[in-house]
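Please read the structure below before turning to the comments.
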Amino acid sequence: MTAWTIKSADWARYGATLVLCCLTALSLATANELVAEQSADHNVVDMYIRDDVYADYLRFLNGRAPLEVSQFSGDYVRRDVVDMVLVQQALALGGFKKSFTYRPGNVSFRHSNLLEQGKLLLSFDSYWLDDAKAKADKLFISDAVIRRGEYFAGIFYAPENLAVARITQLTELRELSAVSTSRWRTDWQTLNDLGLKHLMNEPVWASQAQMVNRQWVDFMLMPLMPSLNNEFRLNDIHLVAHPNLVVQFDGSRHFVVSRLHPDGERAFKALQNGLRQLRAQGRVRQAYQQAGFIPDLQRYRVLNPIAPQKNSPE
């Protein structure tokens, strides 16, 4: 074997070793980057949320962090926006330090499934107790944020529908039609108990609003929106609330947390802790009152006042 052949073999081995070292270093760098990303992502939780709620949430905050909010009056505040702020305040007070990455979109139709599968940590939109209890094997249920007797809904209708605008009492409302979905147990039961002429079952909320807008049915029930003059607008849909009549719901609303999510149990404990602190400070009821969700009953008359129950929460 010639000296040149030996040197060539040495250089070949050297080159192969150099390439291997470079590939190893590159792999380690890539692995370190992935670990760093995973470490960063470990402190962030994806949160799927309906896009219209998210838009109003951002407008209401107007650059503030949720934890900075102490007053809930003003533009764009609505019940689900109040829910969204309160749940984050409660989690922080309870010691849950992870942040949220929002994934807005038309997700309401699969929201419940994501929770039950453990792909969504919690719902920023509170649940009726009856709806939550039906899935208690998959969901942790918080203390009430809206207690029994505190939930009042406006009667929303198309501005041109004078039949709704002119009603003054329950007997007149009973001559009208409404729309909701039987999947919402408390809403459906409330409307059934009103004894309406006709109640349409439509599972898609946007379709419900469109049916009322086109006067295929007379009205639907929605939380009051005083910051928006109790008018609801979405694309070509325009609805208004009756100026001085409301309907009272017999139920309480609660936050739910997925039992199957990796952070579920820890988040639920923090949420309960924080909610109790907010409740003790009087900030939960105050938030819904300031938002106009719990209305001034000197201005509004309740068509169907619920009967008091013994040992019900104050």
Side-chain angles (χ1 to χ4, degrees), residues 38-50 53-54 57-58 60-61 63-72 77-104 111-112 114-129 131-133 135-148 150-151 251-291 293-294 312-314:
Q38 289 171 356
S39 177
D41 289 343
H42 186 66
N43 291 317
V44 177
V45 178
D46 280 343
M47 180 56 62
Y48 297 92
I49 184 166
R50 218 173 67 205
V53 176
Y54 184 57
Y57 166 76
L58 291 179
F60 170 68
L61 288 182
R64 298 174 295 175
L67 304 186
E68 297 173 0
V69 177
S70 58
Q71 294 290 324
F72 286 84
V77 68
R78 47 196 266 193
R79 193 268 306 160
D80 30 21
V81 169
V82 178
D83 281 359
M84 194 170 172
V85 173
L86 284 180
V87 72
Q88 291 178 86
Q89 291 183 346
L91 286 167
L93 278 173
F96 188 79
K97 301 302 182 184
K98 292 192 176 185
S99 58
F100 294 101
T101 297
Y102 301 110
R103 309 290 186 189
H111 189 217
S112 178
L114 293 172
L115 280 165
E116 293 169 33
Q117 295 166 9
K119 296 178 181 178
L120 182 66
L121 174 60
L122 55 87
S123 175
F124 277 169
D125 189 4
S126 57
Y127 272 45
W128 286 113
L129 181 58
D131 294 336
K133 285 168 65 176
K135 302 172 182 178
D137 59 326
K138 296 182 178 68
L139 303 175
F140 294 111
I141 305 171
S142 79
D143 293 341
V145 284
I146 300 173
R147 291 175 165 176
R148 182 179 183 269
E150 292 181 337
Y151 195 106
S252 56
R253 290 186 72 92
H254 305 248
F255 292 121
V256 296
V257 180
S258 174
R259 289 181 179 271
L260 298 182
H261 192 282
D263 293 314
E265 187 169 358
R266 189 160 58 88
F268 178 67
K269 289 178 179 177
L271 175 62
Q272 285 287 78
N273 187 332
L275 279 177
R276 286 165 185 168
Q277 292 182 55
L278 291 173
R279 178 68 71 183
Q281 297 165 14
R283 290 167 59 187
V284 177
R285 182 179 174 88
Q286 181 186 59
Y288 292 107
Q289 284 179 318
Q290 288 176 346
F293 175 73
I294 300 177
S312 64
E314 59 184 63

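The closest side-chain heavy-atom distance from I146 to R79 is below 4.5 Å. Annotation: side chain of L86 is not in contact with side chain of V145 (no heavy-atom distance under 4.5 Å). The side-chain heavy atoms of P66 and M84, taken from C-beta on, include no pair separated by under 4.5 Å. In this structure, F293 and V82 have side chains that are not in contact, with every pair of non-hydrogen atoms separated by 4.5 Å or more. Looking only at side-chain heavy atoms (C-beta outward), L120 and M47 come within less than 4.5 Å of each other. Inter-residue side-chain proximity for L58 and Y102 is flagged as unmet; no heavy-atom pair is nearer than 4.5 Å.
We find the CZ-CD1 distance between R285 and I294 to be 4.5 Å, quoted to the nearest 0.5 Å. Atoms CG and CG, on L260 and L139 in that order, are 8.5 Å from each other to the nearest 0.5 Å. Interatomic distance, K119 NZ to H261 NE2, rounded to the nearest 0.5 Å: 11.5 Å. Expressed to the nearest 0.5 Å, how far CG of L278 lies from CG of L271 amounts to 9.5 Å. Here the CD1 atom belonging to I49 is positioned 8.5 Å from the CG atom belonging to D125, to the nearest 0.5 angstrom. For the atom pair CG (L91) and NZ (K269), the distance works out to 14.5 Å, reported to the nearest 0.5 Å.
Side-chain contact of Y54 with D80: a donor-acceptor pair under 3.5 Å is absent, judged by distance alone.
Contact check on R253 versus D131 returns no salt bridge, with no Lys/Arg side-chain nitrogen under 4.0 Å from an Asp/Glu carboxylate oxygen.
Counting all heavy atoms, side chain and backbone alike, Y57 lies closest to V81 at N-CG2, 3.9 Å. Closest approach of V257 to G264, counting heavy atoms only: CG1-O, 3.4 Å. Residues R283 and L93 share a closest heavy-atom pair of NH1-CD1, 4.5 Å. Nearest heavy atom pair, residue G95 against residue A270, reads N-CB, 4.3 Å.
At least one donor-acceptor pair under 3.5 Å links the side chain of Q272 to the backbone N or O of D143. Panel note: side chain R279, backbone A144; a donor-acceptor pair is recorded below 3.5 Å. Here the side chain of H254 pairs no donor or acceptor atom with the backbone of Y127 at under 3.5 angstrom. Side-chain atoms of R276 never come within 3.5 Å of backbone atoms of N273 as a donor-acceptor pair (strictly under, hydrogens ignored). No side-chain donor-acceptor contact under 3.5 Å links S252 to the backbone of R148. Judged by distance alone, with hydrogens and angles left aside, the side-chain atoms of Q88 form no donor-acceptor pair with the main-chain N or O of L67 at under 3.5 Å. Listed for the Q89 side chain is a donor-acceptor partner under 3.5 Å among the backbone atoms of V69.
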I would like to know whether V53 and R78 meet side-chain contact (heavy atoms from CB on, under 4.5 Å); could you show each step before the answer? CA-CA 9 Å; V53 176; R78 47 196 266 193; 3.5 Å; yes

Show, in sequence, the C-alpha distance, side-chain angles and deciding distance for V44 and S99, and conclude whether the side-chain contact (heavy atoms from CB on, under 4.5 Å) test is met. CA-CA 5 Å; V44 177; S99 58; 3.7 Å; yes

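Heavy atoms from other residues, nucleotides or ligands lying under 6.0 Å from NZ of K98 number more than 12. In the displayed structure, Q117 atom CD is contacted under 6.0 Å by more than 12 heavy atoms of other residues, nucleotides or ligands.
Ring-centre distance between F255 and F140: not below the 6.0 Å cut-off. For an aromatic pair to be called close, the ring centres must be under 6.0 Å apart, and F124 with F100 satisfies this.
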